[in-house]
Amino acid sequence: MRSLSHCYGSSCVEIMIRKRIAEVLEQSAVQAQEGGLIPKVSLPDVFIERPQNPDHGDYAATIALKLARAAKMNPLEIANSIAKFLPDIEGVESFSVVRPGFINFTLSKNWMIQQVDEILKRDDTYGDSSLGEGTRVQLEFVSVNPTGPLHVGHGRGAVLGSTLANVLSRSGYSVEREYYVNNAGSQMRNFYASLYARYREVLGLPSEMPSDGYFGDYVIDLAREIANERDEVFVGLPDEEAIAEIGQIGLEKVLSSIKEELQQLGVEFEVWFSEQSLYESGVFNKIMELMRQNGYVDGREGAQWFVSTELGEDKDNVLIRSDGMPTYFAADIAYHYNKFLERSFDKVIDIWGADHQGHVWRMKTAVRALGISPDRLQILISQMVSLRRGEELLKVSKRAGDIITLRELMDEVVTDVCRFFFLSRSADSHMDFDLELAKKESMDNPVYYVQYGHARIAGILRLARERGFDYTQGDVSLLTEDAELALIKKLLLFPEILEMVATTLEPQHLPYYAQDLATTFHNFYERCRVISGDTALTSARLKLVEATRIVMAKTLHVMGMKAPERM
RNA sequence: GCGCCUGUAGCUCAGUGGAUAGAGCGCAGCCCUGCGGAGGCUGAGGCCGCGGGUUCGAGUCCCGCCGGGCGUGCCA
């Protein structure tokens with residue numbers, strides 16, 4: 001099969017027939033225009049959809065319907081005109097023009113069946129694409145202040161980010177994952193002071209917590225830990241010095257426990273970027289100067305303001321407080337300057353929690369003020385997570401006393417289930433995480449349903465090996481049952497799912513696909529005996545089973561989950 | 001008040017402007033002489049919050065209202 005897209009990799013071949021259909025349709029539409037059958041209006045993006053109704057074929061094009069208005073023609077007539085120029089397409093058996101103007105395509109069964117061999121050949125690169133054409137994209141996520149433990153909402157963002165990183169790197173993007181460590185702001189100072197106060201308290205010395213300090217119990221635990229390890233070495237120091245030193249130790253401890261938890265959740269980063277370094281490297285001063293030169297900085301009330309109203313924002317924002325301390329926002333501007341102009345990422349994706357919503361617009365405005373196209377910055381907001389257990393509904397709030405930490409969640413729920421559940425909801429939606437369902441190790445739990453599918457497949461392949469079957473020469477054309485074809489069709493959908501996730505940055509399609517694939521496989525399994533006395537048929541079916549294993553394992557792996565051989 | 005998100009089956013949620021709106025759980029049934037029953041099949045259950053609009057076509061886009069969440073600091 002010939003490749004339709006620019007490939008920069010070695011063994012990159014596109015299996016996506018959908019792309020081919022779109023391309024051919026566009027050409028035919030142009031030809032119809034040149035032949036005078038359709039007025040020469042500008043063509044809409046050719047979108048090929050998957051009809052829900054099998055009577056409508058495997059793919060459907062709506063280009064004629066979309067053209068109708070501009071062309072001032074009956075869409076059916078347009079569709080017929082385009083259809084006149086449609087050449088034969090490999091893999092497409094037939095097409096038909098249907099009222100009110102759809103062009104429906106039906107794939108050739110024979111072609112579809114042959115794709116099983118194609119998948120086996122591709123193995124775990126099946127579904128990879130060159131969509132991104134090597135675009136360098138930075139994915140920044142989690143980036144929680146190291147002032148305390150992660151909560152479940154952070155876990156959601158972490159899973160979202162790591163999954164998108166997997167998908168994008170499979171789709172021809174060069175991806176770098178980064179955690180921005182806010183180790184410089186006033187919140188950190190506040191945390192250090194709180195920790196120091198607790199430390200003195202642990203040692204029975206007079207102490208005073210900052211009024212807006214961190215009152216969580218974990219600070220006391222941390223202080224106790226430090227007191228145990230370091231005894232009373234900080235007692236003799238002047239307060240400022242002691243706070244700085246003990247703060248540094250606290251920061252490292254919190255950070256390493258954050259790292260550990262994320263690792264347990266299957267989330268890793270190439271870069272841990274220090275906010276402090278923005279000041280040390282001079283980028284911060286540089287962007288302040290730049291913004292000043294461009295006339296976006298104004299001093300009033302003792303502070304330095306970003307005059308974002310000049311750029312259409314509804315209010316100005318403080319960059320440097322009247323006490324001389326830069327705001328988080330100002331540091332973030334320097335950080336984004338660093339991302340775009342010093343490290344030259346083509347594209348930056350930030351994943352923030354819903355509580356940072358108000359920051360989105362001004363960040364985009366600031367990027368614009370630096371002369372960078374805001375289109376290169378994409379900010380995803382992951383909404384709140386609520387936990388429930390039966391009737392008990394607990395909201396997760398940083399401010400409230402009863403924080404539910406990611407640690408607590410992971411103590412109860414295994415990683416794969418956490419990941420699958422977090423991924424199953426679109427980032428835009430607030431989610432209810434049902435602990436009861438998550439902990440069930442039964443068919444009620446979709447995670448086990450999917451993984452069971454994989455284990456079942458592994459079991460069949462294991463048995464085949466034990467019985468000495470060599471299916472490498474199997475003839476896939478023996479796969480003619482409806483259940484077999486349905487399974488093959490589902491496998492052919494996989495590259496489209498990956499492309500959709502890479503394009504929309506909405507990974508919830510993955511768990512849904514995984515369930516769908518598992519269901520289709522189980523159905524096939526019920527109807528088609530794989531290992532039987534018919535050696536030829538067995539070999540053919542083993543090929544299909546192996547192809548299914550490849551796709552199912554990959555779907556799970558992209559989601560950061562295990563594909564178990566046994567359960 | 002203003003900004004962002006959200007409202008789809010009893011519950012939790014999918015649904016790239018298209019043709020008859022889906023899944024899981026729950027509910028009512030059915031299917032084990034053979035590869036993993038942690039399975040398969042069937043059924044009931046919907047004014048897609050409400051009202052306008054755009055469009056050949058709206059769960060999807062726009063406006064208004066109602067309900068829920070988050071934000072709205074010289075916090076991050």
Side-chain angles (χ1 to χ4, degrees), chain A residues 47-53 55-56 60 62 65-66 68-69 74-75 98-102 104 143-145 147 182 185-188 190 212 301-305 314-315 317-329 331-332 352-361 381 383-384 386 388 395 397-398 421 424-434 437 440-446 448-449 451-453 455-464 467 496 500 503-504 506 508-509 511-512 515-516 518-519 521-532 538 541 545 566-567:
Chain A
F47 182 72
I48 306 296
E49 55 180 51
R50 287 259 187 181
Q52 305 173 28
N53 186 335
D55 293 344
H56 300 143
T62 56
L65 293 159
K66 296 204 160 80
R69 187 176 169 78
N74 180 334
V98 178
R99 185 178 47 90
F102 292 99
N104 296 334
S143 298
V144 180
N145 277 4
T147 57
N182 294 113
S186 59
Q187 285 306 310
M188 284 316 293
N190 187 0
D212 56 347
E301 300 161 45
Q304 300 290 309
W305 295 71
D314 54 353
K315 58 175 187 169
N317 294 281
V318 172
L319 295 170
I320 298 188
R321 289 186 277 252
S322 45
D323 65 2
M325 285 276 289
T327 58
Y328 162 84
F329 177 47
D332 220 4
W352 297 344
D355 52 339
H356 284 63
Q357 176 58 242
H359 190 53
V360 173
W361 182 231
I381 295 295
Q383 291 294 334
M384 300 269 122
S386 306
R388 70 193 181 97
K395 240 186 285 171
S397 154
K398 219 174 185 176
F421 274 49
S424 297
R425 313 280 177 263
S426 86
D428 289 338
S429 299
H430 320 131
M431 76 173 282
D432 271 12
F433 194 112
D434 187 351
L437 178 60
K440 271 191 200 169
E441 293 193 16
S442 72
M443 61 178 179
D444 299 348
N445 189 332
Y448 294 105
Y449 176 79
Q451 289 185 324
Y452 173 73
R456 193 180 224 185
I457 288 172
I460 295 169
L461 295 171
R462 206 181 301 127
L463 181 71
R467 297 205 184 159
E496 294 176 26
M500 176 164 42
T503 306
T504 62
E506 293 176 351
Q508 71 270 19
H509 302 291
Y512 280 89
Q515 284 183 84
D516 198 14
T519 298
F521 171 74
H522 287 310
N523 183 274
F524 155 80
Y525 176 87
E526 293 293 326
R527 289 165 199 275
C528 301
R529 169 88 197 172
V530 177
I531 298 174
S532 68
T538 298
R541 285 185 173 163
V545 169
R566 300 170 196 272
M567 291 176 72

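Note on naming: letters A, B, ... go to the chains in the order of the sequence lines (proteins, then strands), and numbering restarts at 1 for each one.
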So, for A:Ile460 and A:Val530, which heavy atoms are closest and what is the spacing to 0.1 Å?
CG2-CG1, 4.0 Å
Side-chain contact check for A:Glu526: nearest option of B:G40, B:U72, B:U20 is B:G40
Does A:Phe102 lie flat on the base of B:A19, that is, centres under 5.5 Å apart and planes under 30° off?
yes
Look through every strand shown and name the nucleotide pairing with B:G45 as Watson-Crick or G-U wobble, where both distances are under 3.5 Å.
none
Assign A:Met325 to base, sugar-phosphate, or nothing according to its heavy-atom contacts below 4.0 angstrom with the strands shown.
nothing
Given that both distances must come in under 3.5 Å, which nucleotide forms a Watson-Crick or G-U wobble pair with B:U33?
none
Any A:Ser426 side-chain N or O less than 4.0 Å from OP1/OP2 of B:A14:
yes
Name the nucleic acid region contacted by A:Asn53, choosing base, sugar-phosphate or nothing; use a 4.0 angstrom heavy-atom cut-off, strictly under.
base
Nearest 0.5 Å, please: how far is OH in A:Tyr452 from CE in A:Met567?
9.0 Å
Could you identify the nucleotide paired to B:C61, looking across every strand shown and requiring Watson-Crick or G-U wobble geometry with both distances under 3.5 Å?
B:G53
Just the rounded figure in Å: distance from C1' of B:C5 to CE of A:Met431.
16 Å
Remember a base hit wins even if backbone is also touched, and classify A:Ala455 as base, sugar-phosphate or nothing at under 4.0 Å, heavy atoms.
base
Under 4.0 Å from OP1 or OP2 of B:C25: is there any side-chain N or O of A:Asn445 that close?
no
Between B:U54 and B:C2, how far is it from one P atom to the other, in whole Å?
26 Å
Rounded distance [0.5 Å steps], CD in A:Glu49 versus CZ in A:Phe102:
6.0 Å
Which nucleotide in B:C13, B:A76, B:A14 has an atom nearest any side-chain atom of A:Asp432
B:C13
Rounded to the nearest 0.5 angstrom, the CE-NE2 distance for A:Met384 and A:His430 is 8.0 Å
Any donor-acceptor pair under 3.5 Å between the side chain of A:Asn104 and the base of B:A19?
yes
Rounded to whole angstrom, note down the P distance from B:G43 over to B:G49.
26 Å
When you get a sec, tell me which of B:A76, B:C70, B:C13 is the closest nucleotide to the side chain of A:Arg321?
B:A76
Under 4.0 Å between any heavy atoms, over every strand shown, what does A:Arg566 touch: base, sugar-phosphate, or nothing? Just pick one.
base
OP1 or OP2 of B:G69 versus the side-chain N and O atoms of A:Gln357: is any pair under 4.0 Å?
no
Within the structure shown, what part of the strands sits under 4.0 Å from A:Ala458 by heavy-atom distance: base, sugar-phosphate, or nothing?
nothing
Suppose you measure atom C1' in B:C47 against the same atom in B:C41; what distance do you get, rounded to whole Å?
32 Å
Is there a stack between A:His356 and B:G71, judged by ring centres under 5.5 Å and planes under 30°?
no
What is the separation between atom CG on A:Leu65 and atom C1' on B:A58, rounded to the nearest whole Å?
15 Å
When you measure from the side-chain N and O atoms of A:Gln52 to the phosphate of B:U20, is any distance below 4.0 Å, counting only OP1 and OP2?
no
Got a second to check how far A:Thr519's OG1 is from A:Tyr449's OH, nearest 0.5 Å?
3.0 Å
Need one value for A:Ile531: base, sugar-phosphate or nothing, where a base atom within 4.0 Å counts as base even if backbone is also close, heavy atoms only.
base
B:C75: pairing nucleotide in any strand, Watson-Crick or G-U under 3.5 angstrom:
none
Think A:Arg467 has a side-chain N or O under 4.0 angstrom from the OP1 or OP2 of B:C35?
no
In whole angstrom, give me the gap between the C1' atoms of B:A9 and B:C4.
29 Å
Using atom P of each nucleotide, how far apart are B:U60 and B:G51 to the nearest Å?
13 Å
Can you tell me the distance, in whole Å, between the CE atom of A:Met384 and the P atom of B:C5?
15 Å
Touch check for A:Ala303, heavy atoms < 4.0 angstrom, all strands: base, sugar-phosphate only, or nothing?
base
Find the partner of B:A21: check Watson-Crick (N1-N3 plus N6-O4 or O6-N4) and G-U wobble (N1-O2, O6-N3) distances, both under 3.5 Å, and reply none if neither fits.
none
Picking from B:U12, B:A19, B:G39, the nucleotide nearest the side-chain atoms of A:Arg388 would be B:U12
Among the nucleotides B:C5, B:G73, B:G15, whichever has the atom closest to the side chain of A:Lys315 is B:G73
Is the shortest side-chain N/O distance from A:Ser186 to OP1 or OP2 of B:A76 below 4.0 Å?
yes
For B:G45 and B:A21, measure between their P atoms and round to the nearest Å.
14 Å
Working for side-chain hydrogen bond (donor to acceptor under 3.5 Å, both in side chains), residues A:Ser186 and A:Tyr328:
CA-CA 9 Å; A:Ser186 59; A:Tyr328 162 84; over 6 Å; no
Under 4.0 Å from OP1 or OP2 of B:G40: is there any side-chain N or O of A:Arg527 that close?
no
From C-beta outward on A:Trp305, which listed nucleotide comes closest to its side chain: B:A38, B:C74, B:A76?
B:C74
Rounded P spacing from B:C62 to B:C5 in Å
9 Å
When the P atoms of B:G7 and B:C61 are compared, how many Å lie between them, rounded to an integer?
10 Å
Look through every strand shown and name the nucleotide pairing with B:C70 as Watson-Crick or G-U wobble, where both distances are under 3.5 Å.
B:G3
Determine: side-chain N/O of A:Tyr449 to OP1/OP2 of B:G40, distance under 4.0 Å, yes or no.
yes
dist A:Asp332:CG -> A:Leu319:CG (nearest 0.5 Å) comes out at 11.5 Å
Considering only heavy side-chain atoms of A:Thr327, the closest of B:A19, B:C56, B:A76 is B:A76
Please name the pair of heavy atoms, one in A:His522 and one in A:Gly453, separated by the smallest distance, quoted to 0.1 Å.
CE1-CA, 3.7 Å
Touch check for A:His430, heavy atoms < 4.0 angstrom, all strands: base, sugar-phosphate only, or nothing?
base
A:Lys66 side chain, from C-beta outward: closest of B:A19, B:G39, B:G18:
B:G18
When you get a sec, tell me which of B:G68, B:G36, B:A76 is the closest nucleotide to the side chain of A:Asn145?
B:A76
If anything within 90° of 0 is syn and all else is anti, what is B:C50?
anti
Under 4.0 Å: is that the gap between some side-chain N or O of A:Gln383 and OP1 or OP2 of B:C70?
no
Does B:A14 have its OP1 or OP2 closer than 4.0 Å to a side-chain nitrogen or oxygen of A:Ser429?
yes
To the nearest 0.5 Å, how far apart are CD in A:Glu496 and OG1 in A:Thr503?
11.5 Å
Given B:G15, B:A19, B:G36, identify the nucleotide with an atom nearest to the side chain of A:Met567.
B:G36
Kindly say whether, by distance alone, the side chain of A:Ser424 makes a donor-acceptor pair under 3.5 Å with the base of B:C13?
no
